[in-house]
Amino acid sequence: MLATPKTNPTFTAIIAEDHLAQTEMLIQLAEGCGIAVVDTVSSGEKLIQSYLRFVPDIIITDIGLKQSSGLDACRELKHQGYDPFIIVVTGIMDVRMAELSSELDSLSYLVKPVTEDRFKKSIQKVIERMDNRMRLSSPYLSKGQLLTCRQKICDVDGTIIYRDIHLNEEHIVYITKYGKETTITLMYNHVGHTIRATSSLKQLNELSTEQIFQANKSQLVNVKFIHQVCADLVTYGNYEIILYGVQETVTLSRNCYVHFERASTIIK
């Protein structure tokens with residue numbers, strides 16, 4: 001069956017729940033609120049891996065997952081610098097767990113069975129918080145220019161989703177264009193990962209400040225992550241950029257050296 005394209009759902013979410021019936025119920029509630037569920041997981045470790053892959057707007061998580069707690073997984077993501085909207089769903093009303101949930105700035109603590117009305121109220125909190133966050137122009141905790149990227153992903157039903165994600169350029173190390181797809185390498189608290197987008201290199205370059213410059217015809221680099229620039233031993237006239245936190249190097253072409261010089265002035 002061919003996937004059906006869907007443009008700009010209100011939000012995307014991951015559901016972390018280790019009981020199949022509960023997972024199916026939460027999927028129905030989420031989709032009923034216009035939320036695209038991009039993945040479902042049953043352990044805290046997989047929740048972290050899935051979040052780094054999809055970077056959804058919302059995490060809907062049970063506390064008692066396989067291997068590790070949903071709260072522990074969310075705490076680790078917060079430690080890495082992410083700030084997802086969190087809705088906690090649990091079968092037990094535990095005051096201590098509610099306090100821990102509050103410390104993670106979760107928007108709701110829902111005790112099973114979750115009703116449609118209570119779930120919708122939780123989503124309304126997400127909408128209000130998202131509006132406030134966008135007005136403040138910062139989807140993450142640190143300051144920096146926002147880059148809005150278009151991303152193509154699939155939800156759990158196989159539906160293709162085109163959505164806009166907002167990245168803080170302070171965390172972007174470099175951007176590479178491969179055919180029709182763009183790979184963005186990010187760094188949070190010395191932990192790196194990549195996301196894929198469909199935005200063009202030109203679009204991202206125009207959205208960014210001068211600290212992100214064109215290094216060659218298919219790559220942009222954040223000057224703040226440059227460790228060293230040295231002569232390219234293979235191609236005369238080109239240079240090699242060594243970056244903090246990643247093993248890959250980036251070629252600085254002779255034609256783009258002026259962009260590097262201009263970007264370098266902002267960190268002096």
Side-chain angles (χ1 to χ4, degrees), residues 8 12 38-39 48-57 77 80-82 139-140 142 144-154 160-267:
N8 288 337
T12 53
V38 295
D39 199 11
I48 293 173
Q49 293 172 353
S50 182
Y51 186 90
L52 294 179
R53 177 184 176 189
F54 293 105
V55 196
D57 303 299
L77 289 169
Q80 291 189 26
Y82 297 98
Y140 300 110
S142 60
Q145 176 81 3
L146 286 181
L147 274 66
T148 300
C149 310
R150 176 56 60 94
Q151 190 178 46
K152 176 183 176 181
I153 55 177
C154 289
I160 295 174
I161 300 164
Y162 293 93
R163 64 160 183 167
D164 290 335
I165 56 173
H166 309 283
L167 303 176
N168 190 316
E169 74 170 22
E170 293 295 313
H171 300 297
I172 295 174
V173 183
Y174 69 101
I175 303 171
T176 302
K177 185 71 174 178
Y178 293 110
K180 295 181 179 180
E181 191 172 67
T182 302
T183 299
I184 304 172
T185 300
L186 302 148
M187 186 73 64
Y188 294 91
N189 289 343
H190 309 292
V191 178
H193 81 280
T194 60
I195 63 170
R196 290 178 171 82
T198 58
S199 301
S200 71
L201 218 62
K202 180 180 179 181
Q203 289 171 333
L204 295 176
N205 200 7
E206 290 175 349
L207 288 170
S208 63
T209 65
E210 287 189 347
Q211 76 181 56
I212 293 183
F213 67 95
Q214 184 141 14
N216 55 66
K217 66 179 182 180
S218 61
Q219 291 181 299
L220 304 176
V221 171
N222 189 339
V223 69
K224 291 189 176 181
F225 282 93
I226 293 180
H227 172 61
Q228 185 179 1
V229 176
C230 51
D232 189 328
L233 299 179
V234 177
T235 305
Y236 177 76
N238 285 353
Y239 299 84
E240 184 179 35
I241 299 175
I242 301 172
L243 299 160
Y244 288 108
V246 297
Q247 294 182 344
E248 301 84 1
T249 60
V250 173
T251 297
L252 173 59
S253 69
R254 70 185 76 179
N255 295 331
C256 291
Y257 191 84
V258 64
H259 303 317
F260 163 67
E261 287 185 315
R262 186 182 304 118
S264 297
T265 62
I266 71 174
I267 60 171

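- Looking only at atom types and distance, the side chain of Thr249 has a donor-acceptor partner in the side chain of Glu240 under 3.5 Å away.
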**Study point:** Derivation and outcome, side chain to side chain contact (heavy atoms under 4.5 Å, CB included), residues Glu169 and Leu207
**Key:** CA-CA 10 Å; Glu169 74 170 22; Leu207 288 170; over 6 Å; no

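- Looking at heavy atoms from C-beta onward, Leu186 lies out of side-chain contact with Thr194 at the 4.5 angstrom threshold.
- Summarising the geometry, atom CZ belonging to Arg53 is positioned 13.0 Å from atom CD1 belonging to Ile195; distances are rounded to the nearest 0.5 Å.
- Annotation: side chain of Lys217 is not in contact with side chain of Lys177 (no heavy-atom distance under 4.5 Å).
- The two atoms that bring Tyr174 and Val246 nearest to each other are CE2-CG2, 4.3 Å, heavy atoms only.
- Lys152 is listed as a side-chain neighbour of Ile160, based on a closest heavy-atom distance under 4.5 Å.
- The two residues Gln151 and Arg196 have their closest heavy-atom pair at NE2-O, 3.0 Å.
- Ring-plane geometry between Tyr51 and Tyr82 is classed as perpendicular, the angle between the planes exceeding 60 degrees on a 0 to 90 degree scale with a lower cut at 30.
- Thr148 pairs with exactly one of Leu167, Asp164, Leu204 by the side-chain contact (heavy atoms from CB on, under 4.5 Å) rule, that one being Asp164.
- For the residue pair Asn216/Thr251, the side-chain donor-acceptor check at 3.5 Å is not satisfied.
- Annotation: the span from Met187 atom CE to His193 atom NE2 amounts to 10.5 Å, rounded to 0.5 Å.
- One distance of note links CG of Leu147 with OG of Ser199; it measures 9.0 Å at 0.5 Å rounding.
- More than 12 non-hydrogen atoms from other residues, nucleotides or ligands lie less than 6.0 angstrom from CZ of Arg254.
- At least one donor-acceptor pair closer than 3.5 Å links the side chain of Gln203 to the backbone N or O of Ser200.
- Distance check, rounded to the nearest 0.5 Å: CD1 of Ile242 to CD of Glu248 gives 12.5 Å.
- Taking 4.5 Å as the limit, every side-chain heavy atom of Phe54 sits out of range of all side-chain heavy atoms of Thr12.
- A distance of 13.0 Å separates CZ in Arg150 from OG1 in Thr182, rounded to the nearest 0.5 Å.
- In this structure the side chain of Phe260 never reaches within 4.5 angstrom of the side chain of Ile241, judged on heavy atoms.
- Taken to the nearest 0.5 Å, the CG atom of Leu252 stands 7.5 Å off from the CG atom of Asn238.
- Ring-plane geometry between Tyr257 and Tyr239 is classed as tilted, the angle between the planes lying from 30 to 60 degrees on a 0 to 90 degree scale.
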